[in-house]
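Note that the structure is a prediction, hence the values are computed from the model and not measured.
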Amino acid sequence: MAPLLFILTVLIWGTTWYAIKLQVGIVPAEVSILYRFALAAILLLGLLALRRRLAPPPFQHWLTVGAQGLCLFCCNFLCFYYAAGMLPSGIVSVVFAMATLFNAANAWLLHGNRPSGRVILAGAVGLFGLMLLFADELRALGTAPQGGFGLLLALTGTYCFSLGNFLSARHQTLGLDLPSTTAYAMVCGVAALGVLVLARGLPLTFDPSPAYTAALLYLAIPGSVIGFLAYLALVGQWGPARASYATVLFPLVALTVSTVFEGYDWTAEAVLGLIFALGGNVIMFGKPIRLQRTAQVRQS
């Protein structure tokens with residue numbers, strides 16, 4: 001199941017960037033995120049209840065479940081949406097791809113699991129490929145308004161995502177039900193978003209256009225319910241460091257969508273970046289090459 005979960009995660013989350021772009025408009029970002037995860041939480045809770053699989057976490061784990069909700073369904077998305085208003089969207093994708101390196105570092109800092117050379121090499125090669133893909137946007141970073149603060153926000157959002165990975169992995173190790181824990185973590189994230197919206201006095205406006213509505217449904221159902229369950233299940237099977245390499249491939253899918261719907265122009269630099277990004281994927285998941293000595297034929 002793990003390779004299928006990996007492919008499913010990459011395809012779903014790689015296409016959510018375009019859906020997020022369709023939501024930019026009259027609805028504040030905080031409210032759009034609130035709508036997305038409120039709908040996702042209701043659907044997931046309802047589905048689990050109908051199947052009689054809803055298992056509330058034990059009382060002693062609610063604090064970490066709440067922390068997972070803040071990391072995965074609130075703070076990280078707020079940072080990404082704010083950063084997208086200050087930076088080119090490609091830069092945010094590049095920073096998010098650093099989740100691979102953050103997860104490897106957190107595995108070392110939090111659990112003492114030193115990352116293997118293979119993980120480090122794959123992450124470095126993949127990240128270099130993404131930097132080539134978005135070279136023009138990276139060059140423009142110095143002239144972007146509030147570029148430094150936007151970069152800091154994107155890094156903060158990515159680190160929140162990484163911490164959420166480890167909290168989910170911890171809950172799965174303790175035997176907590178993944179779908180139920182994810183659903184209740186979403187509820188905690190939605191509650192935090194609701195408090196923020198009320199505190200800022202933001203209006204609960206809604207854009208009835210087909211584009212916004214379709215984007216909301218896509219982000220809530222495939223993007224949140226299916227995507228997060230697939231990814232967090234992958235975290236449970238492969239560990240956060242290896243599973244997060246999917247983030248390196250998200251921008252590649254996003255660029256494919258952009259090529260079809262937005263006329264993205266592929267330069268020689270971008271093609272080279274694509275080769276490096278895919279090469280990192282081969283390093284991470286390909287079978288290691290082992291040199292074997294040729295057996296000598298013994299003379300009788």
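- Here CZ of Arg36 is found 9.5 Å from CG of Leu216. Values are rounded to the nearest 0.5 Å.
- Of the listed residues (Leu229, Val187, Val65, Val225), just one forms a side chain to side chain contact (heavy atoms under 4.5 Å, CB included) with Thr182, and that residue is Leu229.
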| said: For a side chain to side chain contact (heavy atoms under 4.5 Å, CB included) check, start with the C-alpha distance between Asn165 and Asn106, then their side-chain angles and the critical distance, and finish with the verdict. | reply: CA-CA 10 Å; Asn165 287 191; Asn106 278 333; over 6 Å; no
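- A 4.5 Å side-chain heavy-atom check between Phe102 and Leu163 finds every atom pair outside the cut-off.
- Between Ile12 and Thr15 the shortest heavy-atom distance is O-OG1, 2.7 Å.
- Checking Ser180 against Arg53 by side-chain atom types alone, no donor-acceptor pair falls below 3.5 Å.
- In this structure, CD1 on Ile33 lies 8.0 Å from SG on Cys74, to the nearest 0.5 angstrom.
- A ring-centre distance under 6.0 Å is found for Phe228 and Phe73.
- Side-chain polar atoms of Tyr82 and Glu30 form a donor-acceptor pair below 3.5 angstrom.
- Considering every non-hydrogen atom in both Leu44 and Pro179, the closest pair reads CD2-O, 3.8 Å.
- Here the side chains of Gln23 and Leu219 are in contact, with some heavy-atom distance below 4.5 Å.
- If you take OG on Ser162 and CG on Leu72, they are separated by 10.0 Å, rounding to the nearest 0.5 Å.
- Looking at every heavy atom in both residues, Val235 comes nearest to Ala169 through CG1-CB, 3.8 Å.
- In this structure, OG1 on Thr64 lies 15.0 Å from CZ on Phe166, to the nearest 0.5 angstrom.
- Within the 3.5 Å criterion, the main-chain N or O of Leu204 finds a donor-acceptor partner in the side chain of Tyr35.
- The two atoms that bring Pro203 and Val31 nearest to each other are O-CG2, 3.6 Å, heavy atoms only.
- Here the side chains of Pro58 and Leu176 are in contact, with some heavy-atom distance below 4.5 Å.
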| query | Between Trp13 and Thr16, does a side chain to side chain contact (heavy atoms under 4.5 Å, CB included) hold up when you go through it step by step? | reply | CA-CA 5 Å; Trp13 279 359; Thr16 55; 4.2 Å; yes
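- Side chains of Gln172 and Ser168: a donor on one and an acceptor on the other come within 3.5 Å.
- With hydrogens and angles disregarded, no donor-acceptor distance shorter than 3.5 Å links the side chain of Asn76 to the backbone of Thr158.
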| Evaluation steps, side chain to side chain contact (heavy atoms under 4.5 Å, CB included), between Leu232 and Gln68 | CA-CA 11 Å; Leu232 295 177; Gln68 179 183 330; 4.0 Å; yes
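- Under a 3.5 Å cut-off, the side chain of Thr267 and the backbone N or O of Ala270 do form a donor-acceptor pair.
- The closest side-chain heavy-atom distance from Phe80 to Thr156 is not below 4.5 Å.
- When all heavy atoms of Ser32 and Val27 are compared, the pair lying nearest together is OG-CG1, 3.4 Å.
- Ring centroids of Phe161 and Tyr231 are separated by less than 6.0 Å, placing the two rings close together.
- Both Leu127 and Leu151 sit in one connected hydrophobic cluster of ILVMFWY residues. Membership requires side-chain heavy atoms under 4.5 Å apart, directly or through other members.
- A continuous path of ILVMFWY side-chain contacts below 4.5 Å connects Val253 to Phe96, so both sit in one hydrophobic cluster.
- Side chains of Leu70 and Cys160 form no contact here, defined as non-hydrogen atoms less than 4.5 Å apart.
- Annotation: side chain of Tyr212 is not in contact with side chain of Leu22 (no heavy-atom distance under 4.5 Å).
- Atom CG of Leu63 has 12 or fewer neighbouring heavy atoms from other residues, nucleotides or ligands inside a 6.0 Å radius.
- Taking hydrophobic clusters as Ile, Leu, Val, Met, Phe, Trp and Tyr residues chained together by side-chain heavy-atom distances below 4.5 Å, Leu39 does not share a cluster with Tyr218.
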| Verdict with supporting geometry, His61 and Arg170, side chain to side chain contact (heavy atoms under 4.5 Å, CB included) | CA-CA 10 Å; His61 297 303; Arg170 176 182 182 273; 4.1 Å; yes
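- Hydrophobic clustering (side-chain heavy atoms under 4.5 Å, transitive across Ile, Leu, Val, Met, Phe, Trp, Tyr) keeps Val195 apart from Trp62.
- Ring centroid separation for the pair Phe77 and Phe37 comes in under the 6.0 Å cut-off.
- Across all non-hydrogen atoms, the minimal contact from Trp238 to Ala2 is NE1-CB, 3.4 Å.
- To the nearest 0.5 Å, atoms CG (Asp177) and CG (Leu54) are separated by 8.5 Å.
- Side-chain contact between Leu196 and Leu202 is absent, with no heavy-atom pair separated by less than 4.5 Å.
- Cluster annotation: Ile20 is connected to Ile226 through the hydrophobic network of ILVMFWY side chains, with a link wherever side-chain heavy atoms come within less than 4.5 Å.
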